[in-house]
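Starting from 1, each residue takes its place in the sequence as its number.
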Amino acid sequence: MQLLDGKYVSEKLKVEVAEEAAKILQRTGRQPHLVAVLVGHDGGSETYVASKMKNCEKVGFKSTLVRYEDNVTEEELLKKVEELNADADIDGIIVQLPLPKHIDPEKVTERIDHRKDVDGFHPVNLGRMQRNLPSFIPATPYGITLMLKEYGIDTVGKHCVVVGRSNIVGSPMSILMARNTTPGNCTVTICHSRTPDIKSITLQADILIVAIGKKNFITADMVKDGVVVVDVGMNRETSALTKSGYKLYGDVDFENVAPKSSWITPVPGGVGLMTIIGLLKNTLASANKEIYQ
């Protein structure tokens, strides 16, 4: 068993992103600029956004945080998104999910200019990704592909099983792994909460990507020897034993699955760090006008 070490890969790629950001600053006199919109005070969201802002600073990006209380109206939030769309100094816009129940996340996502949609959730970007055209790729799937590429994981002709069908991870991940790209060219099966006997399918996986949001959902008896395991799970539980007051668990029972794996991501220290890299690389591509002019 070897670790797919998100910390190692993310630190390496951050150096490359910082070098590119410095070139942009030298050439244009401006830094790549990411704006994050945070509504309310969800603990996970607060942590994620703070990490994104901190990493922007590390690589030489300009970052702006726009905060609202959770009683902000949908109309006010949409108006703010339109203002950000119109600001030529802004390269990337993210609206942190989840949003309060009275705000439609699809409406907000579709209001973001697809040319600044560095989360990669806009239907235009998802459609272009499906057609294998240049696009902003959802940050977590993008980060996973960067990790697989860095470690030289052979995906051609492999059976990739994706557990989870969300628009943020599972569905785009299944498309990326099936595309005629590197990594890619897999035969892909996607499982979800309505799939009967998931175990019979996960046992077939050469590459298993798990994003179902349930602590230790994948157990040792559900994987075959030599499988490559990518655990997207970030399940928070309160803990008196940690400084932060909580502990993170993956969707995979790491302790028992790892001995059967050829490669596996830890939680924390795996996919979460790569998600931020995906976001930074999308923002860099936007600043460079690599995808949309």
Side-chain angles (χ1 to χ4, degrees), residues 1-13 139-166 168-179 181-193 195 197-237 247-278:
M1 182 275 292
Q2 297 183 76
L3 283 183
L4 293 166
D5 187 344
K7 185 174 182 181
Y8 162 75
V9 180
S10 65
E11 290 302 321
K12 179 181 178 182
L13 294 181
T140 298
Y142 187 18
I144 291 169
T145 63
L146 292 168
M147 177 184 279
L148 294 174
K149 192 171 185 178
E150 178 65 31
Y151 280 101
I153 304 298
D154 182 17
T155 60
V156 177
K158 304 297 184 183
H159 187 183
C160 175
V161 174
V162 179
V163 182
R165 59 179 168 182
S166 74
I168 294 172
V169 182
S171 292
M173 196 75 244
S174 67
I175 293 167
L176 290 171
M177 295 304 284
R179 290 195 315 178
T181 54
T182 302
N185 285 302
C186 289
T187 298
V188 178
T189 303
I190 187 164
C191 306
H192 45 77
S193 58
T195 303
D197 192 15
I198 286 180
K199 177 180 173 179
S200 67
I201 300 171
T202 58
L203 279 167
Q204 301 173 41
D206 301 308
I207 301 168
L208 181 63
I209 302 172
V210 191
I212 201 164
K214 294 182 181 178
K215 175 187 172 184
N216 294 346
F217 179 81
I218 298 294
T219 51
D221 63 325
M222 296 175 71
V223 301
K224 68 181 183 182
D225 289 337
V227 65
V228 175
V229 179
V230 177
D231 187 352
V232 187
M234 295 284 275
N235 304 291
R236 290 163 59 106
E237 289 189 3
K247 184 172 171 58
L248 289 177
Y249 295 90
D251 291 349
V252 176
D253 177 8
F254 181 90
E255 185 177 341
N256 295 300
V257 171
K260 297 183 74 173
S261 309
S262 56
W263 296 87
I264 188 169
T265 58
V267 176
V271 172
L273 296 170
M274 295 307 301
T275 296
I276 290 172
I277 289 298

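- Within the model, atoms OG1 of Thr195 and CD1 of Ile190 stand 8.5 Å from one another, a figure rounded to the nearest 0.5 Å.
- Although no hydrogens or angles enter the test, the distance criterion places no donor-acceptor pair under 3.5 Å between the side chain of Thr202 and the main chain of Val223.
- Here the closest heavy-atom approach between residue Gly170 and residue Val162 is recorded as O-CG1, 3.7 Å.
- In this structure the side chain of Gln2 never reaches within 4.5 angstrom of the side chain of Tyr151, judged on heavy atoms.
- Inter-residue side-chain proximity for Phe254 and Val229 is flagged as unmet; no heavy-atom pair is nearer than 4.5 Å.
- Of the inter-residue distances, the one linking Met222 atom CE with Ser200 atom OG reads 9.0 Å to the nearest 0.5 angstrom.
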- Leu176 vs Thr181, side chain to side chain contact (heavy atoms under 4.5 Å, CB included): CA-CA, chis, key distance, verdict: CA-CA 8 Å; Leu176 290 171; Thr181 54; over 6 Å; no
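- Atoms CD1 and CG, from Ile212 and Asp231 in turn, are 11.5 Å apart once rounded to the nearest 0.5 Å.
- The distance from atom NZ of Lys215 to atom CG of Leu248, rounded to the nearest 0.5 Å, is 11.5 Å.
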- Query: Are Val271 and Val169 close enough, and set up right, to give a side chain to side chain contact (heavy atoms under 4.5 Å, CB included), and what steps lead you there?
  - Reply: CA-CA 11 Å; Val271 172; Val169 182; over 6 Å; no
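- A 4.5 Å side-chain heavy-atom check between Met234 and Pro268 finds every atom pair outside the cut-off.
- With a 6.0 Å radius and a threshold of 12 heavy atoms from other residues, nucleotides or ligands, Glu237 has its CD atom above the threshold.
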- Item | side chain to side chain contact (heavy atoms under 4.5 Å, CB included) assessment of Leu3 paired with Tyr8 | CA-CA 10 Å; Leu3 283 183; Tyr8 162 75; over 6 Å; no
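- For Val9 against Met147, the heavy-atom pair with the smallest separation is CG1-CA, 4.5 Å.
- Under the 4.5 Å side-chain criterion, counting only non-hydrogen atoms from C-beta, Lys260 is not in contact with Val227.
- Using a 4.5 Å heavy-atom threshold, the side chains of Thr189 and His159 count as touching.
- Here the shortest heavy-atom pairing between Gly226 and Ser262 reads O-OG, 2.8 Å.
- When every heavy atom of Met274 is checked against every heavy atom of Gly6, the shortest pair comes out as SD-O, 3.9 Å.
- Take Lys149 and apply the side-chain contact (heavy atoms from CB on, under 4.5 Å) test, not counting sequence neighbours, and it matches Pro183.
- Asp221 meets the side-chain contact (heavy atoms from CB on, under 4.5 Å) test with Lys199, Thr219; sequence neighbours excluded.
- A donor-acceptor contact shorter than 3.5 Å is absent between the side chain of Asp251 and the backbone of Asn216.
- Looking only at side-chain heavy atoms (C-beta outward), Leu13 and Leu146 come within less than 4.5 Å of each other.
- Contact check for Val232 versus Ile209: side-chain heavy atoms found under the 4.5 Å cut-off.
- For the pair Ser10 and Ile276, the minimum side-chain heavy-atom distance is 4.5 Å or more.
- Nearest approach of Met177 to Ile207, heavy atoms of both residues: CE-CD1, 4.2 Å.
- In this structure, Thr140 OG1 and Met173 CE are separated by 9.5 Å, a value rounded to the nearest 0.5 Å.
- To the nearest 0.5 Å, atom CG of residue Asp206 and atom NZ of residue Lys224 are 4.0 Å apart.
- Here the options are Leu208, Thr187, Val210, the test is side-chain contact (heavy atoms from CB on, under 4.5 Å), and the partner is Val161; only Leu208 passes.
- A search for side chain to side chain donor-acceptor pair (under 3.5 Å) contacts involving Lys214 returns nothing, not counting sequence neighbours.
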